[in-house]
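When a ligand or atom number is given, it counts from 1 through the structure's own listing order.
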Amino acid sequence: MNADLEDVDAFAARARAWLAENMPLADQGRETFFLYAATHPTDDEVLARAATCRQLQRRLFDGGFAGICVPREYGGQGLTPAHQAAFNREIKGYDYPAEIQASTFIPCMAVLLEFGTEEQKHRHIPGMLRGEEIWVQLLSEPGGGSDAAGAVTTATRHGDQWLLNGSKIWTTSGWWGDWALCLARTNWDVEKHRGLTVFSLPMSAPGLAIRQVELVNGSKDFCQEFLTDVAVPDADRIGDVDAGWSVMTRWLHHERTISGGSPYITGGGNRPSDGPYEITVLVTAARRLGLIDDSHTRGLLGEARADALVQRALVESVTRKMATGALPHHAAAMLRLFGGTTNARRAAIATEVYGEAGVVWAPDEETNAQVGLGYLIRQASCIGGGTTEMARNVIAERLLDMPRERRADTDAFRDVPRGPRASSTP
Ligand SMILES: Cc1cc2nc3c(=O)[nH]c(=O)nc-3n(C[C@H](O)[C@H](O)[C@H](O)COP(=O)(O)OP(=O)(O)OC[C@H]3O[C@@H](n4cnc5c(N)ncnc54)[C@H](O)[C@@H]3O)c2cc1C
């Protein structure tokens, strides 16, 4: 370790004092992530919270606590994952720009750090750290998201620019994001993984139409985009032409760290509090409902507590081992799998504990509403950031060395049957 680096304990003490002076306290128990919020925020309310996130991010930047592991030349602090982990412990209980951690810092900033040119890094990363550039991911397509290499959104070169055509979907915060990473097919005559390229583009680009998608719980934060001759300068290409899969491998890795393991996100990622699933909130609810002595309820509370403890220990252990090289980066799939299934299970546990209070609620019973709506949307935690089934595949094939899944699409991608629209490919 660099002897000039600030001692982690001294850094934590400095962070503690700064936080107390500069950051507002979090509204405990309030679910801030738009997708899971109990009361469906209006578009204006979402934009107001986004503006607050930008201000809070700017405050972190001005205080010297943004981009703790980002090199100083791009506006970061040039410190270590241990410093970021210490800061994450200190910031618990404070409000912070939770809603922009994913996708701005992971995977987008992480991908730029690894694959961006110097010009691209200097142009974007300081703006991200100052809260001026919110980034989103244009990855999933209507035809499928797990098979990212099967992307059919196409980029065609015209001199020093590319024209992008196609559609992307399930873009978190797409309608209020500033910039995006976008995966596109640049070569149809090679096997699917070898014909992809990654681009960056502003969400205000001419030809990019954005439509909000309403979910079962009323959230409208997801978007579908339609790209019609969207012009992207070659200077905004990330990585080499047709080498997008190398970028994607790391993009997907950073995306999986949504459940823990990233040195680039502040606090607990997109969800600063466990909301109704916080064990103290669950125990209080059980007491209020007269169930605290009920053996079945006690078993559920014990299970929720054990899951939370195991998750914290797993995140700490796997993060440390990935940082030292004791585990490969594919190990993030273990965090992704445990985080996804545990979050879904906690939503089910809360629903069981709350019973009918989590099914019918009065307008002012926000926690009850969070439980009910959280149950409806619980499976999202097993899908967003890559599905838990895909995480199981990574664990089986990359960590346990089990046989690879059989593939029926190793021909030139143009010749791979892809359903009724296959004949309309370029
Ligand atoms: C909260 C949330 C946030 C998201 N944010 C974004 C975003 O910002 N940008 C973005 O581009 N996308 C985003 N997504 C989309 C997400 O990445 C995709 O939904 C996900 O990758 C799955 O793709 P799909 O929905 O097309 O399902 P499919 O890929 O069609 O899969 C359907 C089912 O089949 C399973 N399956 C598929 N292939 C295999 C296989 N080889 N082995 C085993 N099982 C398999 C899947 O696990 C899944 O259960 C988000 C999704 C959620 C829920």
Side-chain angles (χ1 to χ4, degrees), residues 31 33-37 98-108 111 134-153 166-184 192-193 196 198-199 201 203 208 210-217 219-227 244 248 251-259 269-271 333 336-337 339-341 343-344 347 373-374 376-398 402-409 418-419:
E31 175 59 70
F33 189 31
F34 304 131
L35 195 61
Y36 298 103
E99 292 88 340
I100 64 171
Q101 299 302 312
S103 307
T104 299
F105 300 118
I106 59 154
C108 296
V111 165
I134 309 287
W135 281 58
V136 300
Q137 310 178 66
L138 298 179
L139 178 58
S140 305
E141 300 194 351
S146 300
D147 181 21
V152 296
T153 291
S167 178
K168 297 287 178 177
I169 194 166
W170 313 130
T171 316
T172 307
S173 315
W175 66 279
W176 54 273
D178 304 307
W179 275 79
L181 283 183
C182 180
L183 178 72
K192 66 178 182 178
H193 294 85
L196 298 162
V198 173
F199 297 90
L201 53 93
M203 290 301 284
L208 179 62
I210 304 172
R211 186 175 301 162
Q212 287 168 263
V213 179
E214 183 164 356
L215 301 190
V216 63
N217 68 346
S219 164
K220 286 189 279 183
D221 201 41
F222 271 152
C223 295
Q224 179 169 10
E225 294 81 11
F226 301 90
L227 297 92
M248 273 317 303
W251 176 340
L252 293 173
H253 160 73
H254 289 297
E255 203 192 14
R256 275 181 217 121
T257 63
I258 184 71
S259 298
N270 278 43
R271 303 182 72 180
R336 172 73 201 100
L337 174 59
T341 50
N343 281 343
L373 295 172
L376 288 182
I377 198 96
R378 71 195 183 288
Q379 206 56 28
S381 71
C382 294
I383 302 173
T387 68
T388 44
E389 286 88 359
M390 297 308 282
R392 284 179 208 276
N393 284 353
V394 173
I395 293 167
E397 296 176 3
R398 305 296 183 139
M402 290 168 75
R404 301 288 290 270
E405 199 177 5
R406 274 195 58 205
R407 285 182 48 199
D409 55 4
R418 283 180 306 282

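- Within ligand 1, counting atoms from 1 as listed, the ones closer than 4.0 Å to a heavy atom of S146 are 21 (O), 22 (C), 23 (O), 28 (P), 29 (O), 31 (O), 37 (C), 38 (N), 46 (C).
- Shown in contact with L139 at under 4.0 Å from a heavy atom are these atoms of ligand 1, numbered in order with element: 11 (O).
- Only the side chain of E405 comes within contact range of ligand 1, with a heavy atom under 4.0 Å; no backbone atom does.
- Taking only nitrogen or oxygen atoms, main chain and side chain alike, D147 does not reach within less than 3.5 Å of ligand 1.
- The closest side-chain heavy-atom distance from E255 to L139 is below 4.5 Å.
- Contact between T104 and W135 at its shortest, heavy atoms only, is OG1-N, 3.0 Å.
- Close N/O approach between G384 and ligand 1 is not found [any backbone or side-chain N/O within under 3.5 Å].
- Closest heavy-atom approach to atom 24 (P) of ligand 1 within the set S219, G145, S381: this belongs to G145.
- Taking 4.5 Å as the limit, every side-chain heavy atom of Q137 sits out of range of all side-chain heavy atoms of L181.
- Considering only heavy atoms from C-beta on, T172 comes within 4.5 Å of D221 through its side chain.
- Proximity of E141 to L183: side-chain heavy atoms (C-beta onward) are nowhere separated by under 4.5 Å.
- No side-chain heavy atom of M390 sits less than 4.5 Å from a side-chain heavy atom of R336.
- Across S140, C223, C382, heavy-atom proximity to atom 15 (C) of ligand 1 is greatest for S140.
- Taking every heavy atom of both residues into account, G374 and A347 meet most closely at O-CB, 3.9 Å.
- Considering backbone and side-chain atoms together, G385 places no N or O closer than 3.5 Å to any N or O of ligand 1.
- For ligand 1, none of its N or O atoms has an N or O atom of E255 under 3.5 Å away.
- Under a 4.0 Å criterion applied to the non-hydrogen atoms of N393, ligand 1 contributes the atoms 40 (C), 41 (N), 42 (N), 43 (C).
- Residue G340 comes nearest to C382 through the heavy atom pair O-SG, 3.4 Å, listed as atom of the first residue, atom of the second, then distance.
- Residues S173 and E99 bring no donor and acceptor atom of their side chains to less than 3.5 Å of each other.
- Applying the 4.0 Å criterion to heavy atoms of I383 picks out, from ligand 1, the atoms 19 (O), 20 (C), 53 (C).
- Under the 4.5 Å side-chain criterion, counting only non-hydrogen atoms from C-beta, S167 is in contact with F226.
- The option with the heavy atom closest to atom 44 (N) of ligand 1, from among R392, E141, E389, Q379, is E389.
- At a 4.0 Å heavy-atom cut-off, ligand 1 touches T387 through the side chain alone.
- The distance from ligand 1 to the heavy atoms of G144 drops below 4.0 Å at these ligand atoms: 26 (O).
- Not a single N or O atom of T171, backbone or side chain, sits closer than 3.5 Å to an N or O atom of ligand 1.
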